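Everything quoted here is computed from the prediction, not taken from an experiment.
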Amino acid sequence: LQIETFEGAICETNSNANLEMTKPVDKMYLILSSSTHSPTICYIPSTGTGVASMIACYLAGADIVDVASDSMSGVTSQPSMGAVLNSLPDSNKDFNQDDLFKINNYWEQVRQLYRCFDPGTQATNTEVYKHEIPGGQYTNMLFQAQSLGLGNKWTRVKQAYSEANEILGDIVKVTPSSKVVGDLAQVMVSNRLGKDDVLNDPESLNLPNSVIQYLQGYLGTPEGGFPEPFRTRALKGAAQVTGRPGASLEPLDLEMIRLELTEKYGSWITDRDVMSYAMYPAVFEEYAVHYNTFGDCSKLSTDMIFQPLKIGQEYVYNMGKGKRYYIRPVALGQVDPKTAEQDVFFELDGAPRRLTVPNKSSAASVVTRQKADPALKNQVAAPMSANILEVRVGVGAKVKAGDPLCLLSAMKMETVVASPVTGTVASVDISAGESVGAQDLMFVITAN
């Protein structure tokens, strides 16, 4: 180990570390700490053993142990801070219980406001020792699977995660590499693919962009190298990055980005907005459009963002110092079947007001699409339930096998769908902005 080259060492004592579980956690910590003079941090996503493990590491001499406030602890999170502190010998209890309770009470209330994102995980699960899904990703991926219509296949998704990890080389799973494994797992489940199916014919699969970029080397080179021949076959000739990815990047002109964003969205662009765009351009542009449409919604209370306003209930909107508005929804009008709009009646500081707004649920029409025939190679199916971001070809276009046909997005997972054959586009059954289900027919290619 060359661990002394780091400023600190992190000892992840179970969950996705796949350590030799016959060794007590304090012994594993001592093995690590004896090889470095740097501060050592011990971390363990909760599988029911977290409190005992962190106490053992502390008593063995760890500098830092990772815990969470009581109201945010357990299940797939870190062990309870209160439980760890109260379990220490009396001489080590140098903390204020009342301060701890204040922290817990605050986050307990905050968590209630975000309950709409809670996927419903109720208990710890030692199955993590097998599938190795990191705790934070477990709940995120469960929510993602439910949104993609795979909630009833969650057991298979977890199994596929383990298989995807093996396909990709049994990599260290931490953001963003863990997302790569999760994206591949959900594509496998959506398309009823097993490990052998992926390994035997990667050229024919529409793999998520995150998987392709990982194999290209944009996340760096994993310990032991990339899995071959899977990597070469899956990339199909795409460029590869050697060495540290950041070393070959062109310098980023932040001032030019500021000018472009200001011209496109307005003078409200700040240094923070420039950095947000530099790191997450698509997410920032979605935010910028929302900001220009609805204004600064950060001044709204959290419940007003995530929950529908209740008829008859008064809400307070703080615009800033000395600027406060009182809003009370009164009634909803009928939806106009021609325009899919409806009137919203409300009071603003006691004065009656009316707005006509689109009713998105009424405007959405149910589209029943033909399913692609898996026996016909010239029929291009959607690999999963997704939104169509971009259609790159039209009827009559000449394409080669591997040419991009469209770009899909499903819960932050983007996938370029490529032509399976060389030929002419005979039909295009999708448009940008529409949604598709898994195996829906999108294109028909007349093969040459």
Side-chain angles (χ1 to χ4, degrees), residues 140-141 143-150 176 179-180 182-191 204-216 218 234-236 238-239 257 260-261 264-265 276-294 358 360-361 363-372 379-397 399-420 425 427-445:
N140 288 340
M141 198 163 72
F143 182 82
Q144 185 183 40
Q146 292 169 344
S147 300
L148 294 175
L150 300 177
K179 182 182 183 298
V180 175
D183 288 353
L184 179 56
Q186 300 203 67
V187 167
M188 291 170 64
V189 176
S190 294
N191 292 275
S204 68
L205 302 178
N206 292 303
L207 298 173
N209 284 0
S210 61
V211 175
I212 297 299
Q213 290 170 356
Y214 160 73
L215 294 174
Q216 286 180 287
Y218 284 107
L235 288 181
K236 294 177 281 190
I257 291 177
E260 292 173 353
L261 292 178
K264 187 173 183 180
Y265 296 113
S276 296
Y277 176 84
M279 293 182 286
Y280 306 103
V283 175
F284 176 80
E285 293 207 86
E286 183 180 353
Y287 160 77
V289 171
H290 188 278
Y291 185 97
N292 283 344
T293 303
F294 299 104
K360 294 182 180 180
S361 60
S365 58
V366 178
V367 178
T368 301
R369 299 183 184 276
Q370 178 184 346
K371 297 295 182 182
Q379 292 193 3
V380 182
M384 66 182 67
S385 297
N387 296 319
I388 310 296
L389 294 184
E390 184 181 347
V391 179
R392 298 182 177 178
V393 297
V395 174
V399 295
K400 297 178 181 179
D403 283 354
L405 301 177
C406 66
L407 177 63
L408 308 182
S409 175
M411 294 296 292
K412 299 183 180 179
M413 175 169 51
E414 292 189 356
T415 303
V416 174
V417 177
S419 176
V425 178
S427 70
V428 178
D429 298 293
I430 57 171
S431 298
E434 295 181 344
S435 299
V436 291
Q439 304 307 310
D440 280 356
L441 178 64
M442 299 192 297
F443 303 90
V444 175
I445 313 294

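When all heavy atoms of T415 and P208 are compared, the pair lying nearest together is OG1-CA, 3.6 Å. Nearest heavy-atom pair across G437 and S385 is CA-OG, 3.7 Å. For the pair A238 and Q216, the tightest heavy-atom approach, listed with the atom from each and the gap, is CB-NE2, 3.9 Å. The nearest pair of heavy atoms linking M442 to C406 is CE-SG, 3.9 Å. In terms of heavy atoms, A401 sits closest to P420 at CB-O, 3.9 Å.
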Give the intermediate values and the outcome of side chain to side chain contact (heavy atoms under 4.5 Å, CB included) for residues Y287 and S276. CA-CA 10 Å; Y287 160 77; S276 296; over 6 Å; no
Apply the test side chain to side chain contact (heavy atoms under 4.5 Å, CB included) to residues L148 and S190: give CA-CA distance (whole Å), side-chain angles for both, the deciding distance (0.1 Å), then the verdict. CA-CA 9 Å; L148 294 175; S190 294; 5.7 Å; no
Side chain to side chain contact (heavy atoms under 4.5 Å, CB included) between V391 and F443: does it pass, once the steps are laid out? CA-CA 10 Å; V391 179; F443 303 90; 4.2 Å; yes
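Annotation: side chain of L150 is not in contact with side chain of M384 (no heavy-atom distance under 4.5 Å). Within the 4.5 Å cutoff, side-chain heavy atoms of L408 are placed close to those of I388.
Of the residues listed (D429, L405, D440), the one engaging V380 in a side chain to side chain contact (heavy atoms under 4.5 Å, CB included) is L405, and it is the only one.
With hydrogens and angles disregarded, a donor-acceptor distance shorter than 3.5 Å links the side chain of N292 to the backbone of Y265. Here the side chain of R369 pairs a donor or acceptor atom with the backbone of S435 at under 3.5 angstrom.
With rounding to the nearest 0.5 angstrom, the CD1 atom of I212 is 11.5 Å from the CG atom of D183. Taking CG from L235 and CG from L207, the interatomic distance works out to 9.0 Å, rounded to the nearest 0.5 Å. Note that NZ of K264 and CD of E285 are 4.0 Å apart. Values are rounded to the nearest 0.5 Å. A distance of 7.0 Å separates CD of Q144 from NZ of K179, quoted to the nearest 0.5 Å.
Looking at residues two or more places apart in sequence or on another chain, you find a side-chain contact (heavy atoms from CB on, under 4.5 Å) between P404 and R392, V416. Listed by chain and residue number, nothing satisfies the side-chain hydrogen bond (donor to acceptor under 3.5 Å, both in side chains) test with K236 (two or more places apart in sequence, or in another chain). For N191, the side-chain hydrogen bond (donor to acceptor under 3.5 Å, both in side chains) partners at least two apart in sequence or on another chain are Q439.
Within a 6.0 Å radius of CD in E286, no more than 12 heavy atoms belonging to other residues, nucleotides or ligands are found.
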